[in-house]
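Report on the following structure.
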Number of protein chains: 2
Amino acid sequence: MNTEKRTYHHGGLRDALIEAAVLILEEEGIAKMSLRSIARKAGVSQAAPYSHFANKSALLIEVAAFGFSKFSSALENPVASGDTPDDLREHLAKLGVVYVNFAMENKALFQLMFGDALSHISKSETYLKEGERAYNCIDKAVRRLKDEAAATLAAWSMVHGLATLMVDQKINVAPDVGNQVRSILQFLSLK
Amino acid sequence: MNTEKRTYHHGGLRDALIEAAVLILEEEGIAKMSLRSIARKAGVSQAAPYSHFANKSALLIEVAAFGFSKFSSALENPVASGDTPDDLREHLAKLGVVYVNFAMENKALFQLMFGDALSHISKSETYLKEGERAYNCIDKAVRRLKDEAAATLAAWSMVHGLATLMVDQKINVAPDVGNQVRSILQFLSLK
DNA sequence: ACCTGAACACCGTTCAAGT
DNA sequence: ACCTGAACACCGTTCAAGT
């Protein structure tokens with residue numbers, strides 16, 4: 001990817017560190033993603049990240065922000081085909097399937113995004129923006145069927161609960177995740 | 001509590017370590033619960049825990065097992081008053097409120113119990129027993145209303161999702177948690 | 001302005017040695 | 001059998017010094 005020769009000054013180290021962190025997260029899991037291992041992967045010294053981030057958490061916020069942008073893009077993909085209740089219902093089911101599939105295909109990233117390891121530190125602009133984008137996808141889809149805040153929370157809770165129970169290995173994951181999501185969504189009534 | 005004079009051999013160090021871990025978890029959070037800090041709290045050397053546990057995870061499994069026993073006891077408390085659908089529905093709602101209240105009042109313990117930090121290591125007898133006890137409470141309550149595995153998973157997912165979103169600080173927690181739980185459970189249809 | 005190297009105070013775990 | 005003390009390989013973070 002990077003064919004340019006390395007100099008003392010890296011150039012785009014900030015983004016390179018975020019990229020390196022995402023790679024370690026995918027390949028080795030959250031436990032192996034130390035600030036030092038991120039720096040090693042980016043080919044710089046252990047102290048170099050502190051030129052671009054206040055601390056490890058500040059870097060991880062940007063990794064989570066990347067996660068939310070990827071997540072939001074996936075959620076924006078399925079579009080309702082029409083305006084009938086059946087179309088809107090099908091649209092919501094598809095969002096649920098996308099939600100749970102994202103969690104299973106990006107386990108460590110999903111845990112970083114929705115876990116509370118980062119909840120005490122201040123969020124970045126992009127983190128907040130991408131997080132809202134994801135939330136709005138779900139909120140809009142639900143409110144076309146039932147325009148109540150509690151309805152969005154009910155649907156989100158059900159799908160998020162299934163996703164976390166799967167990711168955290170508290171339930172067996174069915175061979176067809178899509179069917180499993182739809183089999184519980186039949187008990188979500190938005191009348 | 002312990003007025004006996006300390007000797008070289010502790011006596012009940014195994015249980016004392018689990019107790020110390022629970023205390024640190026409640027008072028200082030999951031990040032501060034190192035094996036060394038647990039040993040310090042129990043008044044022994046850093047290597048002493050290895051006489052009773054293979055490693056840190058083996059100790060944490062017992063802490064989680066304690067959590068599940070506490071959780072199961074709370075879930076067993078509300079009993080259905082009768083056999084009408086309304087009684088059974090009210091029983092399920094009460095279980096949901098107990099579930100979410102437990103999560104909020106034992107945040108770090110709840111995260112340890114349901115997170116995946118411990119999912120790769122082998123579980124102890126008591127962990128499995130207490131975990132099943134909790135699951136059976138929920139499963140029985142749901143199946144009296146709707147005798148399908150998917151119904152249990154739907155109800156559990158919805159309540160567990162709300163609990164995790166609260167504990168992980170992804171949603172605002174209403175002043176009355178009970179009302180918030182009931183306001184989403186109205187969208188759970190077990191017809 | 002950005003990066004390095006060494007240092008500090010922490011970890012989990014191992015192991016010879018003490019009781 | 002149970003516990004200690006020292007050691008090893010890690011961490012996150014700081015800071016003077018280099019480019």
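Just so it is clear, the values below take in all heavy atoms, side chains as well, and ignore hydrogens, waters and symmetry mates. First the proteins, then the strands, lettered A, B, ... as listed; each starts at 1.
For N55(B) and dC10(D), the CG to P distance is 18 Å, given to the nearest whole Å. In this structure, the CD1 atom of I38(A) is 12 Å from the C1' atom of dC11(D), given to the nearest Å. L59(A) has its CG atom 11 Å from the P atom of dT13(D), to the nearest Å. The interatomic distance linking E28(A) (CD) with dC10(D) (P) rounds to 13 Å, in whole Å. We find that CZ of F53(B) is positioned 14 Å from P of dG12(C), with the value rounded to whole Å. In this structure, the CG atom of L17(B) is 13 Å from the P atom of dG12(C), given to the nearest Å. Y50(B) places its OH atom 12 Å from the P atom of dC15(C), with the value rounded to the nearest Å.
In this structure, the nucleotide among dT13(C), dG12(D), dC2(C) sitting nearest to the side chain of H52(A) is dC2(C). Checking dC11(C), dG12(C), dC3(D) against the side-chain heavy atoms of S37(B) singles out dC11(C) as nearest. Of the candidate nucleotides dC11(D), dT4(D), dC11(C), dT4(D) has the atom lying nearest to any side-chain atom of V44(B). Here the nucleotide nearest the side chain of K56(A), chosen from dC3(D), dG12(D), dG12(C), is dG12(D). With distances taken from any side-chain atom of L35(B) to the nucleotides dT14(D), dG12(C), dC3(C), the minimum falls on dG12(C).
At the heavy-atom level, S34(B) lies under 4.0 Å from the strands shown only through sugar-phosphate atoms. Nucleic acid contact for S51(A): base, since at least one base atom lies under 4.0 Å from a heavy atom of the residue.
Pairing for dG18(D) is with dC2(C), a Watson-Crick or G-U wobble pair whose two hydrogen-bonding atom distances lie under 3.5 Å. Nucleotide dG12(C): paired with dC8(D) (Watson-Crick or G-U wobble, both distances less than 3.5 Å).
Side-chain contact check for L25(B) versus K32(B): every heavy-atom pair is 4.5 Å or farther apart. Considering only heavy atoms from C-beta on, Y99(B) comes within 4.5 Å of I138(B) through its side chain. Looking at P78(A) and V98(A), their side chains come closer than 4.5 Å, going by heavy atoms from C-beta outward.
F68(A) has its ring centre less than 6.0 Å from the ring centre of F114(A).
Salt bridge status for E90(A) with R182(A): present, with a side-chain N to carboxylate O gap under 4.0 Å.
In this pair, F71(B) and F102(B) present their aromatic rings tilted. The plane angle is within the 30 to 60° band. Ring pair W156(A)/Y135(A) is perpendicular by interplanar angle, where above 60° counts as perpendicular and below 30° as parallel. Relative orientation of the F110(A) and H160(A) rings is tilted, given thresholds of 30° and 60° on the angle between their planes.
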Do any N or O atoms of the protein come closer than 3.5 Å to N or O atoms of nucleotides 6-9 of chain C, and which pairs are they?
residue, atom, partner, partner atom, Å
dA7(C), N6, Q46(A), OE1, 3.1

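Of the possible polar contacts, none joining the S157(B) side chain to the A154(B) backbone as a donor-acceptor pair under 3.5 Å is found.
Residues of residues 108-118 of chain B having a heavy atom closer than 4.0 Å to DNA chain D: none are found.
Between K32(A) and A54(A), it is K32(A) whose nearest contact on DNA chain D lies nearer the 5' terminus.
Phosphate proximity of dC3(C) to R14(A): absent, as no side-chain N or O sits under 4.0 Å from OP1 or OP2.
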Could you go through the side-chain hydrogen bond (donor to acceptor under 3.5 Å, both in side chains) check for S69(B) and S72(B) one step at a time?
CA-CA 5 Å; S69(B) 99; S72(B) 298; over 6 Å; no
